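The structure appears below as structure tokens.
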Amino acid sequence: MKHRLVCLFLLMTTLIFAQEKFSVSGTIKDQKNGETLLGATVYLKGTTNGAVTNEYGFYSLTAIEGNYTLVVSFLGYETVTKEITLNVDQTVNFEITEASTSLETVVIEAEESERVSIRKPQMSVSKLNAATIKQMPVVLGEVDVLKSIQLLPGVTNSGEGTAGFNVRGGAADQNLVLLDEAIIYNTSHFFGFFSVFNADAIKDIKLYKGDIPAKYGGRISSVLDVRQKDGNSKNLEINGGVGLISSRLAVEGPMFNKKGSFLVAGRSSYAHLFMPLIEEIADDKISFYDLNLKTNYEINENNRIYLSGYFGRDIFDISQFIKNRYGNTSANLRWNHVFNEKLFSNLSFIYSEYDYEVILDFIKLDWISDIKNFNLKYDLRYYANDKLKLDFGVSGITYDFNPGIVRPSDPSSTINFRKLDQKRAFEGAAYISAEHKLSDKLTAQYGVRLSMFSRLGGQALSNYANNQPVVYNDEIGIYEEGEEIGTTEYDKNESIKTFANVEPRLGLSYQLNDESSIKASYTRSVQYVHLLSNTISVTPLDVWAPSGEYIDPQKSNQYAAGYYRNFNDKKYSLEVEAYYKNVDNRIDYIDGSNLIGTNNIETEILNGEARAYGLEVLFRKDKGKFKGWIAYTLSKSEQRALGGIAGGPGINRGNWYNTPFDRTHDISITGSYDFSEKWKFSANFAYQTGRPVTFPNGQYEYDNLSIASFNQRNANRLPDYHRLDLSATYTPTKNKNRRWQSEWVFGLYNAYARRNAASVSFTQDFNTGINEARRLSIFGSVIPSITYNFKF
Amino acid sequence: MKKYIPHLLLVFLLTTLISCDDPIDVELTEAPPRLVIEASLDWEKGTAGNNQTIKLSTSTPFFDNNSDTSVTGASVKVTNNDTNAEFFFTDQNDGTYTTNSFVPILNNSYTLEVAYNGEVYNATETMMPITGINEVFQSLEGGFDEELLDVNITYDDPQELGNHYMIRLQEVGDLFPIIETRSDEFTNGNVQDEFFEKDEDDDNPNNQFDPGDSVNIKLFGISERYYNFITLLIEQYDSAGNPFATTPAEIRGNCINVTNEDNYAFGYFRVTEFDQVDYTFQ
């Protein structure tokens with residue numbers, strides 16, 4: 001730590017004695033709609049001196065005095081050049097135009113143009129833009145960000161109808177999902193069938209599977225950074241679509257005298273409009289909707305303000321039975337300030353909330369739960385010189401956890417009012433990281449994140465006999481709740497427990513030649529909040545819990561190395577990465593644990609550990625009429641929990657066992673073919689080793705019922721999962737040269753009608769008493785879809 | 001209450017989506033057989049409670065659930081730990097062991113001892129009281145579906161927290177009972193109600209309750225440990241494999257093998273008081 005600071009200091013001092021150098025900086029935008037472009041490359045021709053635009057389209061370059069040609073390139077856009085004389089610090093803004101064939105060109109982009117990505121030390125990152133995501137075949141025609149990233153190596157989920165996603169064998173709660181910097185706690189609508197991200201409002205997404213930059217923290221598996229569009233600052237534009245499940249409308253346009261712009265995008269399912277027509281479900285309502293908002297105002301060249309918001313809801317009303325509502329709310333106010341050509345800053349004030357309510361009519365119970373956080377953060381980037389760029393900043397998050405309030409839903413209810421303990425916490429962090437060109441071939445990215453977490457008082461905590469919230473019952477061989485021996489009251493201003501951690505991050509890139517490089521990275525990360533979930537897949541009713549007296553922060557070390565190569569004039573590229581990671585303090589649940597409505601969660605869990613390793617291969621073709629990629633992952637993901645202070649051998653007798661996210665083989669193939677101006681075809685194929693599950697190893701009779709007995713956790717597997725999806729896009733030719741643009745998208749999901757098992761249940765036939773295994777397939781047949789999209 | 005929620009999620013999925021469900025062949029590992037002790041000493045309110053039966057059997061491979069697994073030749077004894085009275089159960093050579101001299105005493109502790117194949121199993125439980133069923137009635141309102149008949153019982157929950165209940169409904173002519181459990185965690189001190197409703201079924205269109213159908217409902221006072229055991233058992237029975245269910249696990253009852261710890265027995269030794277009512281739908 002100390003050593004590293006000294007290094008940084010030395011670097012800073014060398015800057016002072018450098019030759020006479022000047023900087024050029026500016027913003028790069030799309031000429032047509034004024035959207036700032038993230039990830040565009042700017043470099044000085046004939047040198048290796050280049051930069052990539054940040055999240056706000058800003059770049060800065062520094063070079064020795066002289067005449068240069070500035071080259072701006074971005075995949076799918078015309079390359080622009082400009083002669084500059086660098087004898088003074090200057091601002092050069094660009095507006096670049098989409099390449100003429102671009103409607104179909106962009107498939108998947110590397111982080112930036114290949115020229116720099118080979119060199120850049122950042123690894124384990126994938127970027128997709130909205131255009132790419134929109135053209136992939138999807139279930140029922142609903143464009144889906146989360147389904148798209150599952151076609152990348154190392155990303156899976158538990159199949160149809162399950163929420164969340166798993167990165168490199170990690171759990172869903174280990175992903176930091178950000179929508180315009182705001183934490184999104186639940187990424188799915190409809191229990192996982194559709195994602196909460198409306199593709200019409202999204203500019204692009206970036207997924208870090210490892211080598212996570214120091215500016216991100218708080219989750220140990222991945223970062224999914226989703227950015228909303230700023231809104232067209234040149235013209236009013238309307239996008240929309242009508243699909244089988246939902247309809248969408250997005251309006252964007254200039255504001256404040258073209259000094260700013262706005263975007264309002266809405267999406268809603270509409271099946272509930274027809275439900276009253278069908279007698280059996282006339283009183284029921286099932287729907288979801290989203291609202292995305294964004295606006296920005298350019299005060300002057302150096303100051304810009306952004307305001308963005310998101311609101312989403314799911315509604316399930318089954319009359320006489322259950323009412324369930326849940327959703328995310330987020331808002332973010334940002335201030336971009338350019339101090340000078342070399343120093344860019346952004347200050348953000350962010351609010352996020354996730355809440356749900358369940359009313360069980362038949363027992364007259366009303367249940368609500370939520371998590372809220374405020375986040376203030378300040379991020380700066382200093383473009384020191386052509387060899388060194390520094391990122392640094394601070395962040396503070398306050399959390400409010402409300403695990404549950406139970407109320408009677410009407411006066412005749414037998415339910416008593418009850419409130420589970422509210423919990424509060426503060427998470428603070430400071431980071432600094434450098435991207436440092438050490439030589440012509442070797443580039444490093446190194447930094448450190450200092451994080452702290454304080455579980456705040458204002459509540460009482462239970463104490464347990466022998467300090468054991470969970471005790472091993474030696475006689476029966478099971479884990480049980482510990483004996484409560486009183487409580488300790490903590491004052492509101494008191495900290496129940498505070499943690500502090502140093503999280504070093506390191507990435508190295510060595511360029512072998514113009515077309516290939518090798519990279520290696522190490523990431524240490526710490527996670528202080530945990531999603532409590534002991535079900536096979538994550539549900540919207542799972543509750544988040546902070547670290548504290550009885551729950552330790554999860555700590556992960558990830559090591560990765562990779563080989564990257566472009567072929568054949570950059571038509572093809574190959575990425576191969578291997579990783580190993582271990583996680584300390586992964587929460588594991590005792591057999592038969594009960595989490596819903598449990599106040600003292602510590603009586604249901606043990607602190608375990610996890611490890612995962614794998615090899616990922618991504619081969620892709622980015623240019624030409626036929627584009628696409630093949631992704632293959634070979635991996636292993638395991639966990640175990642020893643008895644520790646609770647005594648006993650541990651969960652699953654203390655043996656390592658497969659996590660539910662373990663997939664030995666995972667293959668994804670996706671491709672698109674531009675047949676003609678009118679027709680474009682796409683296909684996806686996915687194959688995965690079946691999900692680990694626990695099957696019975698016997699049965700016995702108890703009270704006349706045949707009871708299955710189970711042994712080792714997750715020792716069995718579902719049948720292998722595979723599926724083919726097809727889609728065709730028809731663009732009428734009369735579109736040309738007119739303002740109203742439209743297209744039809746026809747889709748076939750699960751084209752060969754594979755009955756993939758979502759689960760296998762072992763049941764006793766109610767009428768015959770015979771035991772059998774039954775497969776539940778969410779989609780047992782081909783699912784056709786049709787969507788109409790328009791834009792004017 | 002708690003266990004409802006995951007089940008409901010699945011119901012949504014099934015009723016609202018184009019899912020399908022079909023039998024498949026699965027190869028399972030086969031664990032060696034274990035002794036199963038179904039020792040349920042239940043004392044009906046207002047009776048002497050002298051006649052009691054304990055069933056012994058063995059476990060089998062999962063798909064082989066129709067063979068005769070009754071265990072004979074064991075010796076079975078129950079001791080009241082408060083009075084030291086001993087009750088010996090007679091082997092009926094069909095897997096059941098009976099006595100007609102049992103003396104139930106509320107809140108007394110009892111120990112079961114089973115000797116079989118040279119190994120000794122034992123378990124200890126306390127006899128839990130029950131307040132009794134207040135009333136039984138049928139209704140259309142309430143329940144999941146307003147067009148289906150349901151049957152309701154009400155009973156009083158005592159003032160102190162920590163009471164646990166099991167309600168067992170057996171329709172005359174049905175192969176299997178329906179078992180529900182309740183804790184007073186969210187409803188302490190109130191009048192409790194419990195309803196049963198049966199849905200139509202693809203294989204059996206007359207599955208729902210109709211006028212003329214008869215049911216027997218039993219309400220048991222049970223210990224917290226038995227509540228944990230039977231709740232998990234029923235949950236796994238109803239939902240094995242449901243993606244929103246908890247990961248299934250071996251369910252351990254309270255029967256310990258004192259000779260060979262690893263060769264524990266399945267099942268449970270429970271001692272309860274219960275109330276029952278028969279009802280015929282009008």
Side-chain angles (χ1 to χ4, degrees), chain A residues 161-162 191 286 316 320-322 360 362-363 365 406 414-416 418 475-478 534-537 539 541 591-592 594 596-597 694-711 713 758-763 766-767 769 771-780, chain B residues 1-2 4-6 8-9 12-13 16-24 26 28-31 36 38 57 59-63 65 142-146 175-177 186-188 190-193 203-204 232-233 236-237 240-250 252 254 256 264 266-267:
Chain A
T162 56
F191 302 102
I286 297 177
F316 285 85
Q320 294 304 310
F321 192 52
I322 187 170
L360 300 179
F362 58 94
I363 54 170
L365 176 142
V406 180
T414 63
I415 301 292
N416 298 329
R418 179 155 177 225
E475 276 195 333
I476 307 182
I478 58 173
N534 62 349
T535 51
I536 291 160
S537 39
T539 81
L541 308 185
D591 286 345
N594 201 342
I596 298 176
T694 311
F695 284 165
N697 60 5
Q699 72 86 35
Y700 56 93
E701 199 167 285
Y702 185 81
D703 201 354
N704 219 8
L705 306 173
S706 166
I707 304 300
S709 64
F710 296 90
N711 205 344
R713 272 195 195 184
S759 65
V760 173
S761 52
F762 292 86
T763 59
F766 195 78
N767 298 311
N771 277 353
E772 58 182 2
R774 296 191 72 89
R775 164 177 65 180
L776 175 71
S777 318
I778 301 292
F779 296 116
Chain B
M1 195 290 303
K2 293 175 181 183
Y4 270 124
I5 294 175
L8 293 174
L9 293 177
F12 285 152
L13 291 177
T16 56
L17 285 151
I18 328 135
S19 60
C20 72
D21 165 62
D22 57 348
I24 55 166
V26 179
L28 295 177
T29 53
E30 295 179 1
V36 183
E38 189 181 340
S57 59
S59 64
T60 68
F62 182 78
F63 292 115
N65 66 319
F144 301 117
D145 188 328
E146 303 240 309
L175 225 41
F176 301 109
F186 294 98
T187 56
N188 183 40
N190 300 339
V191 175
Q192 313 287 311
D193 57 37
D203 299 331
N204 186 357
L232 197 59
L233 185 119
Q236 291 193 5
Y237 179 78
N242 163 355
F244 290 118
T246 53
T247 311
E250 187 84 292
R252 293 287 300 267
N254 60 349
I256 305 155
Y264 56 85
F266 289 135

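The model shown is predicted, which means the values in this text are computed figures rather than measured ones. In the text below, chain A, chain B and the rest are named by the order of the sequence lines, each starting its count at 1.
- By the salt bridge (charged side-chain N to carboxylate O under 4.0 Å, His left out) test, A/Glu772 is found to be paired with A/Arg774, residues two or more places apart in sequence or in another chain being considered.
- Contacts between A/Arg418 and chain B at a heavy-atom distance below 4.5 Å involve the side chain alone, from C-beta outward.
- Using a 4.5 Å cut-off between heavy atoms, B/Pro61 touches chain A through its backbone atoms (N, CA, C, O) alone.
- With a 4.5 Å cut-off on non-hydrogen atoms, A/Ile476 touches chain B through its backbone and its side chain both.
- Remark: the B/Asn188 side chain and the A/Asn416 side chain contain no N/O donor-acceptor pair separated by less than 3.5 Å.
- Here the side chains of B/Ser59 and A/Ile707 are not in contact, with every heavy-atom distance at 4.5 Å or above.
- A donor-acceptor contact shorter than 3.5 Å links the side chain of A/Asn771 to the backbone of B/Phe62.
- Chain A forms more heavy-atom pairs under 4.5 Å with one residue of B/Asn254, B/Leu232, B/Leu233 than with any other, namely B/Leu233.
- Your options are B/Phe266, B/Phe63, B/Tyr264, and the one with the most heavy-atom pairs under 4.5 Å with chain A is B/Phe266.
- Judged by distance alone, with hydrogens and angles left aside, the side-chain atoms of B/Glu38 form no donor-acceptor pair with the main-chain N or O of B/Gly267 at under 3.5 Å.
- In this structure, B/Asp193 has no salt bridge (charged side-chain N to carboxylate O under 4.0 Å, His left out) partners at least two apart in sequence or on a different chain.
- In this structure, the portions of B/Leu175 lying under 4.5 Å from any heavy atom of chain A include both its backbone and its side chain.
- Contact count versus chain A (heavy atoms, under 4.5 Å) is highest, among B/Thr187, B/Asn65, B/Val36, for B/Asn65.
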